[in-house]
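Atoms within a ligand are numbered from 1 in the order they appear, just like the ligands themselves.
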Amino acid sequence: PVILEVSGLNKIYQASNGPVEALRSVDLTVRKGEFICLLGASGCGKSTLLRIIAGFEQATQGSVGVYGCEVRGPGPDRGMVFQDYALFPWLTVRQNIGFGPSHRRVAPQEVDKLTDRFMAMVGLTAFADRYPHQLSGGMKQRVAIARVLANDADILLMDEPFGALDALTRAALQEELIDIWRTTKLTVIFVTHSVEEAVLLADRVVVMSSSPGRIDQDVEIELPRPRD
Ligand code: ADP
Ligand code: ADP
């Protein structure tokens, strides 16, 4: 089934030195459970597309639908993971992960159960009471992923999430993300400029090119990869 339908997206930023055309006629249909990498050089519009899907940015034209309903802003159905983590610095690991459900009408015991489950999934149970500044980059990104999972998002949006990590940590997080995707059957849209990363992670690679940003190729990866 189709979970996300992007159609006819155009985006023009009004910058101080004039208009910038960031996206032209972008269409994208995502099926539930796909792991899509949006791949392209810097400046081709990947982040813009992801932010419009997240609802953080308005398109100039076109529409984004989740399960057939047009979205006009952010919602808990779409969770975002940023390169710079964007954790709440005044909250512990546990509180960061439980933030979403504790601010909806979820019973406190249920919030604790969800938090424990996803904290364990990303291997941070022993760090429950630490604050973000006490964690390594990899650990912070694990918290950010668990926070999206605990909030019961259907679609995990990731904008170069491992770009600020060292190579070893990045490799560990890539493996963990594949495991999480397989366990949860989440739909993932992952922005990267790395061909290696896209081919490693995705089961579908969507290649964008610039001036103006558009989708050039849309390739299903059929070869068995190392994780298979
Ligand atoms: P990518 O994520 O592929 O690097 P972006 O979506 O960040 O690409 O940017 C696409 C284009 O839009 C670039 O030319 C960039 O300079 C421009 N752009 C992005 N954000 C803004 C903004 N807030 N204001 C003006 N121009 C922007
Ligand atoms: P990661 O691979 O998660 O980025 P590092 O390579 O920085 O983590 O650290 C490896 C291990 O060291 C972590 O799994 C954790 O057990 C421990 N560690 C890292 N940072 C801290 C910290 N600030 N406080 C306590 N232990 C830490």
**Request:** Give the ring-plane orientation class for Phe82 versus Phe56, where under 30° counts as parallel, over 60° as perpendicular and anything between as tilted.
**Result:**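 If you compare the ring of Phe82 with that of Phe56, the planes turn out parallel.
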**Asked** Aromatic rings Phe88 and Trp90: how do their planes relate, parallel, tilted or perpendicular, breaks at 30° and 60°?
**Response**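 It falls in the tilted class, 30° to 60°.
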**Prompt:** Under a 4.0 Å N-O cut-off, is there an ion pair linking Glu196 with Arg170?
**Reply:**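 The answer is no: the pair does not qualify as a salt bridge.
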**Request:** Determine whether any heavy atom of Ser42 lies closer than 4.0 Å to an atom of ligand 1.
**Result:**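 Under 4.0 Å: yes for Ser42.
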**Request:** Consider ligand 1: state whether an atom of it lies below 4.0 angstrom from any non-hydrogen atom of Gln14.
**Result:**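 Judged by the 4.0 Å heavy-atom criterion, Gln14 does not count as contacting ligand 1.
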**Item:** atom 2 (O) of ligand 1 protein-contacted, heavy-atom criterion under 4.0 angstrom
**Value:**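 For atom 2 (O) of ligand 1 the answer is yes, since some protein heavy atom falls inside 4.0 Å.
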**Request:** Please indicate, with yes or no, if any protein heavy atom is found under 4.0 Å from atom 25 (C) of ligand 1?
**Result:**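 Within 4.0 Å: yes, protein heavy atom nearby.
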Closer than 4.0 Å to some heavy atom of [X] - which atoms of ligand 1 meet that?
{"X": "Arg51", "answer": "20 (N)"}
{"X": "Lys46", "answer": "1 (P), 2 (O), 3 (O), 4 (O), 6 (O), 8 (O)"}
{"X": "Cys44", "answer": "1 (P), 3 (O), 8 (O)"}

**Item:** Contact partition for Ala41 relative to ligand 1, non-hydrogen atoms under 4.0 Å
**Value:**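 The part of Ala41 near ligand 1 is the backbone, not the side chain.
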**Asked** How does Lys11 reach ligand 1, by side chain, by backbone, by both or by neither, if only non-hydrogen atoms under 4.0 Å count?
**Response**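 Looking at Lys11 and ligand 1, no heavy atom falls under 4.0 Å.
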**Message:** Using modelled atom types and a 3.5 Å cut-off, is there a donor and acceptor pairing between side-chain atoms of Asp27 and backbone atoms of Gly8?
**Reply:**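 Checking the backbone N and O of Gly8 against the side chain of Asp27, a donor-acceptor pair under 3.5 Å is found.
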**Item:** Test item: Asn96 side-chain N/O and Leu91 main-chain N/O as donor-acceptor pair under 3.5 Å
**Value:**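 At least one qualifying donor-acceptor pair exists.
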**Message:** For the residue pair Arg142 and Phe127, would you count it as a cation-pi contact if the rule is NZ or CZ under 6.0 angstrom from the ring centre and within 45 degrees of the ring axis?
**Reply:**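 That pair does not qualify as a cation-pi contact.
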What I want to know is whether [X] and ligand 1 share at least one N or O pair that is separated by under 3.5 angstrom.
{"X": "Gly43", "result": "yes"}
{"X": "Val20", "result": "no"}
{"X": "Ala22", "result": "no"}

What protein heavy atom is closest to [atom], reported as residue, atom name and distance in Å?
{"atom": "atom 7 (O) of ligand 1", "result": "Ser47 CB, 3.8 Å"}
{"atom": "atom 19 (C) of ligand 1", "result": "Tyr13 CE1, 3.4 Å"}
{"atom": "atom 9 (O) of ligand 1", "result": "Thr48 OG1, 3.9 Å"}

**Request:** Could you tell me which non-hydrogen atom of Gly100 sits nearest to which non-hydrogen atom of Asn151, and how far apart they are?
**Result:**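 Closest heavy-atom pair between Gly100 and Asn151: CA-OD1, 3.2 Å.
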**Asked** Just checking, is any N or O donor in the side chain of Glu34 or Thr187 under 3.5 Å from an acceptor N or O on the other one?
**Response**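 No, Thr187 and Glu34 have no side-chain donor paired with an acceptor closer than 3.5 Å.
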**Asked** Do Arg130 and Leu124 have side chains that get closer than 4.5 Å, going by heavy atoms?
**Response**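 No, side chains not in contact.
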**Request:** Identify the residue among Val191, Val188, Val148 that makes a side-chain contact (heavy atoms from CB on, under 4.5 Å) with Met158.
**Result:**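 So, applying the side-chain contact (heavy atoms from CB on, under 4.5 Å) to Met158 and each of Val191, Val188, Val148, only Val188 qualifies.
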**Prompt:** Which of the listed options, Gly40, Gly45, Gly213, Ser209, holds the heavy atom that is closest to atom 8 (O) of ligand 1?
**Reply:**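 Among Gly40, Gly45, Gly213, Ser209, the closest heavy atom to atom 8 (O) of ligand 1 belongs to Gly45.
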